[in-house]
Structures are given as C-alpha cells and as structure tokens.
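Just the heavy atoms: all of them, side chains too, but no hydrogens, waters or symmetry mates, feed the values below. Quick note on labels: first sequence line is chain A, next is B, and so on, each numbered from 1.
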2 protein chains.
Amino acid sequence: MDSKNKSLSKNQQIVLDFIQRNKKPVKAYSILSSVQKKGINAPPQVYRALDKLIEKGKVHKVESQNSFVACKILNCETRHATIFSICYKCDSASEINDTKLFNYLSEFKDSGGAKFDGYNLEFFGTCNSCKKN
Amino acid sequence: MDSKNKSLSKNQQIVLDFIQRNKKPVKAYSILSSVQKKGINAPPQVYRALDKLIEKGKVHKVESQNSFVACKILNCETRHATIFSICYKCDSASEINDTKLFNYLSEFKDSGGAKFDGYNLEFFGTCNSCKKN
DNA sequence: AAAAATTATGTTATAATATAACACTACTAC
DNA sequence: GTAGTAGTGTTATATTATAACATAATTTTT
Ligand SMILES: [Zn+2]
Ligand SMILES: [Zn+2]
Ligand SMILES: [Zn+2]
Ligand SMILES: [Zn+2]
C-alpha cells in the first residue's frame, strides 16, 4: 500500500486538522502556538508531524515562504511534483492541478536525456482577490 | 537602463566573487565566514548584498536549500523566472537554460487566463557525477 | 504471546537562517 | 551645495529547524 494511505498518528492528525482549517499556508511556529492546547509543546513535535504529512502527500511545503499548506487534490500523487501559484501581496497559495503542465514537467529531460525524480514549481503573481483591490 | 547592468558596490562584489568561486550553491553564513577577512563582519551585510545581487540577476536563491548560486547565463533575464536541477545526493544545482521550457512557463496562464509575473522551478534528481558513483 | 523492530512521543537545548533598528557615509542629481 | 538615494557598520533579536536522548506505543516476526 502506498504510504500516503496509511493512517495518521495523533499529532499528525492534530497538525493536519489545523493546516486544513486555514486557507493560506501556515508557518510551523504558528501551528505550534495554535495546537499547544492539544498537548503539542515543542517544535520537534510539529516538525516531525509535518515531515510525515509531507511524506504521506497530505501537506506540501511552500519553499519560498517556509510555510505549509494542505493538499486539496483528491488522491494527490504529486508528493514530489508540486505546482503552486503564490500571491506576493497576500501570500495566499493554491495548488495548480493542470494535467498538461504536470505531464510536461514529468516528462522533461535534462540535456543528457534523463528524467528527474520530482520537481517543485512556484508561480508568482497577484491573486484574483488582490487584483480587485 | 536595466538594474542588472548597474555596477556593484564593494560588498556586493566581494560576495559575488565568493559565490562565483564556488561550483555549488553556498549558504549565507558560509559566505559570511569566508569574507570576514575582507571586512564583512555581520549577517546584514551579507544579506543586503545578496538581496541586491538577486535584484540585479547576478545571483539566484535556491529556495529548497536556502542557498545562493551565481547565474551563469549570459545576460540572464530570468531574475524572476528561474529553473534549476538539483541533486539530492550532493546538493549541486545548475541552472537550466531551455528556451522551450522557459517560454512554456512564461506563457502559462492560470485558470482565469492571467499570466504570472514570475516563477521558480526546481527539479530534483541525481546529477551525472553522482549517477556514476 | 514474547521478542524484536519500527514508529511515534515528550523534552531540553541549540543550531541555522534572516531581519529590525539605528547611526553614519558615499554617491548621484539637480 | 543641498537633497535624495544607496551603501555601510553594528548590535541585538526574530524566525526557522534540528540534535540528542529517554520513553512509549504499535506492528511484525517468531
Ligand atoms: Zn497536492
Ligand atoms: Zn492575494
Ligand atoms: Zn540566471
Ligand atoms: Zn550529485
């Protein structure tokens, strides 16, 4: 069975619940302060949960922000192939689910003709909400 | 005149020289300890130089590594449109200069039909040198 | 079911990355 | 030569992430 279908531990579930309640990506220490009432007391507990959630495809890291966002793609297979659009005004991020782009990147070969194992693509722009304002 | 053609300040030149002497991406604090003999004493001096060098297109940040690498593309226009291949074994990174992929990403439109202002793409795999070993 | 292996937890301390704030200097531009 | 902008030097601190170690829970193997 694929690891992403394994069940979640207590701390993993607590951290995932919090991330999923947020529309925008959240920071590790923001998670920490928000889940202290649930008995998570220290950074390693958060970072360990995050590591596992990322492995299981439930959460992605937005590298340019050092923040974490829940995967909203059903049966996300893109644990190591993520595409985001990020608003530089409000820091919102949404995962792009574009099969054509996904395939284009998955099939991309380096100058030696070898495929890569994964990729992370972050587009930057203004989100629809910020465009209006 | 484009800002990337502006001349470099003393600290910017010192930091760029060091980055260019390294094949692999370098960390900010590694830069700092290496240029202390040149009179750069504190983190803000390094980070300020890095900010400007990035603005000027001389240096790119490898987001997944929090490291910095010199741009090796002549007259790099890709200040906000960077593509890297990163080896997860040895952490080497090289900028991919593929016109087709570059154009594909530059022309990519979100679901609302709007183009983005920039992007950063990081491919992960094993570099040629690590494949042999 | 007992032993072994793996995964998860709790905790303290510390490492690594990055910025705030302030005083001062150098270099344009008009 | 005054005003604006960019750069420097410095101290302190904020933010992000991991090391290390002890213990507990769960799963796998025998
Ligand atoms: Zn996803
Ligand atoms: Zn926005
Ligand atoms: Zn470049
Ligand atoms: Zn390598």
Side-chain angles (χ1 to χ4, degrees), chain A residues 1-19 22 24-69 88 91 93 120, chain B residues 1-19 22 24-69 88 91 93 120:
Chain A
M1 194 206 300
D2 195 303
S3 68
K4 81 186 154 58
N5 291 323
K6 282 184 189 149
S7 67
L8 302 180
S9 76
K10 175 178 142 267
N11 287 359
Q12 289 160 23
Q13 192 64 59
I14 291 170
V15 169
L16 179 59
D17 284 348
F18 176 74
I19 297 175
N22 284 270
K24 288 187 190 179
V26 289
K27 302 276 195 169
Y29 277 73
S30 154
I31 297 171
L32 176 57
S33 64
S34 300
V35 299
Q36 290 198 318
K37 62 193 83 164
K38 305 258 182 191
I40 291 182
N41 307 306
Q45 295 175 293
V46 172
Y47 281 103
R48 284 189 298 223
L50 286 171
D51 285 348
K52 291 297 180 182
L53 290 168
I54 289 168
E55 264 182 42
K56 293 174 184 181
K58 301 291 188 189
V59 165
H60 304 302
K61 181 172 186 182
V62 181
E63 295 286 357
S64 62
Q65 294 185 339
N66 296 318
S67 64
F68 303 87
V69 67
Y88 56 73
D91 293 326
N120 176 249
Chain B
M1 193 204 300
D2 196 302
S3 70
K4 81 187 155 56
N5 290 321
K6 282 186 188 146
S7 67
L8 302 179
S9 77
K10 174 177 141 267
N11 286 358
Q12 288 160 25
Q13 191 64 59
I14 291 170
V15 169
L16 179 58
D17 284 349
F18 176 74
I19 297 175
N22 284 271
K24 288 187 190 178
V26 289
K27 303 276 194 169
Y29 277 72
S30 153
I31 297 172
L32 176 57
S33 65
S34 300
V35 299
Q36 290 198 318
K37 62 192 87 167
K38 304 256 183 192
I40 291 181
N41 307 304
Q45 297 176 293
V46 171
Y47 282 103
R48 285 190 297 225
L50 286 171
D51 286 347
K52 291 298 180 178
L53 289 167
I54 289 168
E55 264 182 44
K56 295 175 185 182
K58 302 291 189 189
V59 165
H60 304 302
K61 180 172 185 180
V62 181
E63 295 287 357
S64 62
Q65 293 185 340
N66 296 317
S67 65
F68 303 88
V69 67
Y88 57 72
D91 293 327
N120 176 248

Holding to side chain to side chain donor-acceptor pair (under 3.5 Å), I want the full list of residues that pass it with A:Ser34, two or more places apart in sequence or in another chain. none
Could you pull out all donor-acceptor pairs under 3.5 Å where a side-chain atom in residues 36-43 of chain B meets a protein atom, sequence neighbours excluded?
{"unit_1": "B:Asn41", "atom_1": "ND2", "unit_2": "B:Gly39", "atom_2": "O", "d": "3.4"}

Would you tell me if any nitrogen or oxygen in the side chain of A:Lys61 comes within less than 4.0 Å of OP1 or OP2 on D:dT16? no
Taking five pairs at each terminus, the helix from C:dA1-D:dT30 to C:dC30-D:dG1 shows an axis bend, to 10°, of 50°
Within this structure, what is the CG-to-P distance between A:Asp51 and D:dT16, rounded to whole angstrom? 16 Å
Send over the distance from A:Leu50 CG to C:dT9 P, rounded to a whole Å. 12 Å
Which of residues 25-33 of chain A have a heavy atom under 4.0 Å from DNA chain D? A:Lys27, A:Tyr29
Rounded to the nearest 0.5 Å, what's the gap from OH on A:Tyr47 to CD1 on A:Ile31? Could you check? 8.5 Å
Rounded distance (nearest 0.5 Å) linking atom CD1 of A:Ile19 with atom CZ of A:Phe68: 7.5 Å
I need the minimum non-hydrogen distance between B:Pro25 and B:Val62, along with the two atoms involved. CG-CG2, 4.2 Å
Polar pairs (N or O, both sides) under 3.5 Å between protein and nucleotides 22-30 of chain C?
none

If only side-chain N and O atoms of A:Asn66 are considered, is one of them under 4.0 Å from the OP1 or OP2 phosphate oxygen of D:dA17? yes
Any side-chain N or O of A:Tyr47 below 4.0 angstrom from OP1/OP2 of D:dA17? yes
B:Glu55 has an atom CD; how far is it from atom C1' of D:dT5, in whole Å? 13 Å
Between atom NZ of A:Lys61 and atom CG of A:Asn66, what is the distance when rounded to the nearest 0.5 Å? 5.0 Å
All N/O donor-acceptor pairs, side-chain side in residues 8-15 of chain B, below 3.5 Å, sequence neighbours left out:
{"unit_1": "B:Ser9", "atom_1": "OG", "unit_2": "B:Gln12", "atom_2": "N", "d": "3.3"}
{"unit_1": "B:Ser9", "atom_1": "OG", "unit_2": "B:Gln12", "atom_2": "NE2", "d": "3.3"}
{"unit_1": "B:Gln12", "atom_1": "OE1", "unit_2": "B:Ser9", "atom_2": "N", "d": "3.1"}
{"unit_1": "B:Gln12", "atom_1": "OE1", "unit_2": "B:Lys56", "atom_2": "NZ", "d": "2.9"}
{"unit_1": "B:Gln13", "atom_1": "NE2", "unit_2": "B:Asp17", "atom_2": "OD1", "d": "3.0"}

A:Lys10 atom NZ is separated from D:dT23 atom C1', nearest whole Å, by 14 Å
Whole-Å distance, B:Leu53 CG to D:dG7 P, equals 10 Å
Should A:Asn11 be listed as having a side-chain N or O under 4.0 Å from OP1 or OP2 of C:dG10? yes
What residues in residues 34-46 of chain B put a non-hydrogen atom under 4.0 Å from any atom of DNA chain C? B:Pro43, B:Pro44
side-chain N/O A:Lys52 vs C:dT9 OP1/OP2, d < 4.0 Å: no
Distance test, side-chain N/O of B:Ser9 to OP1/OP2 of D:dT8, below 4.0 Å: yes
Report the residues that fulfil side-chain contact (heavy atoms from CB on, under 4.5 Å) with A:Asp91, sequence neighbours left out, ordered by chain and then residue number. A:Gln65
Distance in angstrom units between A:Ile14 CD1 and C:dA8 P, rounded: 14 Å
Which residues pass the side chain to side chain donor-acceptor pair (under 3.5 Å) test with B:Tyr29, not counting sequence neighbours? none
Check A:Ser64 against B:Glu63 and note the closest heavy-atom contact, atom names and distance. CA-OE1, 3.6 Å
Dump the intermediate steps for side-chain contact (heavy atoms from CB on, under 4.5 Å) on B:Lys24 and B:Val69, then the final yes or no. CA-CA 7 Å; B:Lys24 288 187 190 178; B:Val69 67; over 6 Å; no
